Q: 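If you scroll down you'll find the structure; I have some questions about it.
Values reported hereafter were calculated over all heavy atoms of this structure, with side chains retained and with hydrogens, waters and symmetry mates removed. Owing to the predicted nature of the structure, the values given are computational and were not obtained by experimental measurement.
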Amino acid sequence: MLRVEIFGRDFDVTDRLNDYVESKTSKLDKYLNSLNSARVDLTHAENARDPQDRYVAQITVEGKGYTLRSQERADDIRVAFDAANQKIQRQIERYKGKHYRGKGDGSSLADKALKEVEAAYLENEAPAIARRKRFMLHPMDEDEALEQMKLLGHEDFFVFLNMGKNCVSLLYKRRDGSFGLIDTELA
């Protein structure tokens with residue numbers, strides 16, 4: 001039997017919501033019977049920038065030797081929980097696929113892949129890289145990099161030589177639509 005813990009932060013979890021969450025979460029062990037516990041954290045962020053991010057549902061499941069976690073946001077706590085629950089179900093299926101389905105000899109695909117990588121290193125061969133790209137770093141400032149990112153249609157990230165800091169920088173788009181910048185330095 002899966003042990004389910006439900007916690008509410010910044011709002012009270014009603015009995016009806018508690019029953020709903022517990023009934024849905026307790027069914028997760030039908031996907032993977034080695035689950036020991038599940039923790040559901042439900043949060044209400046009244047000062048969220050976007051009303052769609054007002055409620056946060058985070059589900060953490062633990063089993064023997066693994067932990068899986070999903071988190072979703074929505075304008076309704078049930079919608080956020082349902083989305084997080086679907087996401088954790090997909091993660092469980094993916095975990096099962098990687099660890100329980102073998103090639104018929106009882107070993108998992110993860111073990112087989114590890115043996116192949118070890119064998120390649122023993123033969124002084126690195127694992128094959130599927131694709132290589134060359135990218136010319138042009139010196140530019142952060143504003144120009146942002147403009148280049150938009151012009152090139154790079155939606156997720158853009159690498160450039162930061163003139164102002166004399167280092168390689170990574171400009172990336174954040175989940176909320178704003179941008180982040182990572183500056184590199186040698187260790």
Q: Which pair of non-hydrogen atoms, one from His44 and one from Asp10, has the smallest distance, and what is that distance?
A: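 Closest approach of His44 to Asp10: O-CB, 3.3 Å.
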Q: If hydrophobic clusters are built from ILVMFWY residues whose side chains come within less than 4.5 Å, do Ile77 and Phe7 share one?
A: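 No, because Ile77 and Phe7 fall into different hydrophobic clusters, even though each may have its own neighbours under 4.5 Å.
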Q: When rounded to the nearest 0.5 angstrom, what is the spacing between CD1 in Ile88 and OH in Tyr31?
A: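 The CD1 atom of Ile88 sits 12.0 Å away from the OH atom of Tyr31.
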Q: For Leu32 versus Tyr95, what's the shortest heavy-atom pair and its separation?
A: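 Leu32 and Tyr95 have their closest heavy atoms at CD2-CD2, 3.8 Å.
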Q: Is Leu42 reachable from Val56 through a run of I, L, V, M, F, W or Y residues, each pair having side-chain heavy atoms under 4.5 Å apart?
A: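 No, no single cluster joins them.
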Q: OG1/Thr25 to CZ/Arg39 distance, rounded to the nearest 0.5 angstrom?
A: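 Rounded to the nearest 0.5 Å, the OG1-CZ separation comes to 13.0 Å.
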Q: Is there a side-chain contact (heavy atoms from CB on, under 4.5 Å) between Asp141 and Phe160 once you walk through the steps?
A: CA-CA 9 Å; Asp141 61 13; Phe160 67 100; over 6 Å; no
Q: How long is the gap from CG on Asn162 to CD on Glu142, to the nearest 0.5 Å?
A: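 The distance works out to 5.0 Å.
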Q: Nearest heavy-atom pair of Ser169 and Leu181: which atoms, and what distance?
A: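 It is CB-CD1, 4.0 Å.
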Q: Group every Ile, Leu, Val, Met, Phe, Trp and Tyr by side-chain heavy-atom contacts under 4.5 Å, then state whether Met163 and Leu170 land in the same group.
A: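 No, Met163 does not connect to Leu170 through the hydrophobic network.
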Q: Compare every heavy atom of Ala84 with every heavy atom of Ala57, then report the nearest pair and how far apart it is.
A: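 Closest pair (atom of Ala57, atom of Ala84, distance): O-CB, 3.7 Å.
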Q: Identify the heavy atoms of Ala80 and Ala74 that sit nearest to each other, and give their distance.
A: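 Heavy-atom minimum between the residues: N-CB, 3.7 Å.
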Q: Could you tell me whether the side chain of Phe81 reaches within less than 4.5 Å of the side chain of Asp76, counting heavy atoms only?
A: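 The answer is no, as the side chains (C-beta and beyond) never meet within the 4.5 Å cut-off.
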Q: Pick from Lys24, Glu72, Lys27: which one makes a side-chain contact (heavy atoms from CB on, under 4.5 Å) with Asn85?
A: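 Answer to the side-chain contact (heavy atoms from CB on, under 4.5 Å) test with Asn85 among Lys24, Glu72, Lys27: Lys24.
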Q: Quick check for you: to the nearest 0.5 Å, what is the distance between Ile6 atom CD1 and Leu17 atom CG?
A: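 One gets 7.5 Å once the value is rounded to the nearest 0.5 Å.
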Q: For side-chain contact (heavy atoms from CB on, under 4.5 Å), just list the numbers for Asn36 and Arg3, CA-CA rounded to whole Å, side-chain angles, deciding distance to a tenth of an Å, and then say yes or no.
A: CA-CA 7 Å; Asn36 296 333; Arg3 187 183 73 235; 5.9 Å; no
Q: Under 4.5 Å between side-chain heavy atoms, hopping through other hydrophobics if needed: is there a path connecting Val79 to Tyr55?
A: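 Looking at the clustering, Tyr55 is in a separate group from Val79.
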Q: More than 12 non-hydrogen atoms from neighbouring residues, nucleotides or ligands closer than 6.0 Å to CZ on Phe157, yes or no?
A: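 No, the 6.0 Å shell around CZ holds no more than 12 heavy atoms from other groups.
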Q: Could you go through Tyr20 and Arg78, starting from their C-alpha distance and side-chain angles, then the distance that decides it, and tell me whether this counts as side-chain contact (heavy atoms from CB on, under 4.5 Å)?
A: CA-CA 9 Å; Tyr20 178 78; Arg78 286 182 185 243; 3.3 Å; yes
Q: Does Ile92 share a hydrophobic cluster with Ile59, counting links as ILVMFWY side-chain heavy atoms below 4.5 Å and allowing steps through other members?
A: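 Yes; tracing contacts between hydrophobic side chains, which count when under 4.5 Å, links both residues.
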Q: Looking at Val61 and Ala38, what are the two nearest heavy atoms and their distance?
A: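 Of all heavy-atom pairs spanning Val61 and Ala38, the closest is CG1-CB, 3.9 Å.
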Q: Are any side-chain N or O atoms of Ser34 and backbone N or O atoms of Gly63, one a donor and one an acceptor, separated by less than 3.5 Å?
A: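 Answer holds: no.
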Q: Please report the C-alpha distance between Arg9 and Gln58 in whole Å, then the side-chain angles of each, then the deciding distance to 0.1 Å, and finally whether the side-chain contact (heavy atoms from CB on, under 4.5 Å) criterion is met.
A: CA-CA 11 Å; Arg9 188 194 299 153; Gln58 179 176 337; over 6 Å; no
Q: Who are the salt bridge (Lys or Arg N to Asp or Glu O under 4.0 Å) partners of Arg174, not counting sequence neighbours?
A: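 Salt bridge (Lys or Arg N to Asp or Glu O under 4.0 Å) list for Arg174, sorted by chain: Asp176.
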Q: Hey, could you give me the NZ/CG distance between Lys173 and Asp156, rounded to the nearest 0.5 Å?
A: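 Reported to 0.5 Å precision, the distance equals 8.5 Å.
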Q: So, taking the atom named CG in Leu146 and the one named CZ in Phe179, what distance separates them when rounded to the nearest 0.5 Å?
A: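 Rounded to the nearest 0.5 Å, the CG-CZ separation comes to 5.0 Å.
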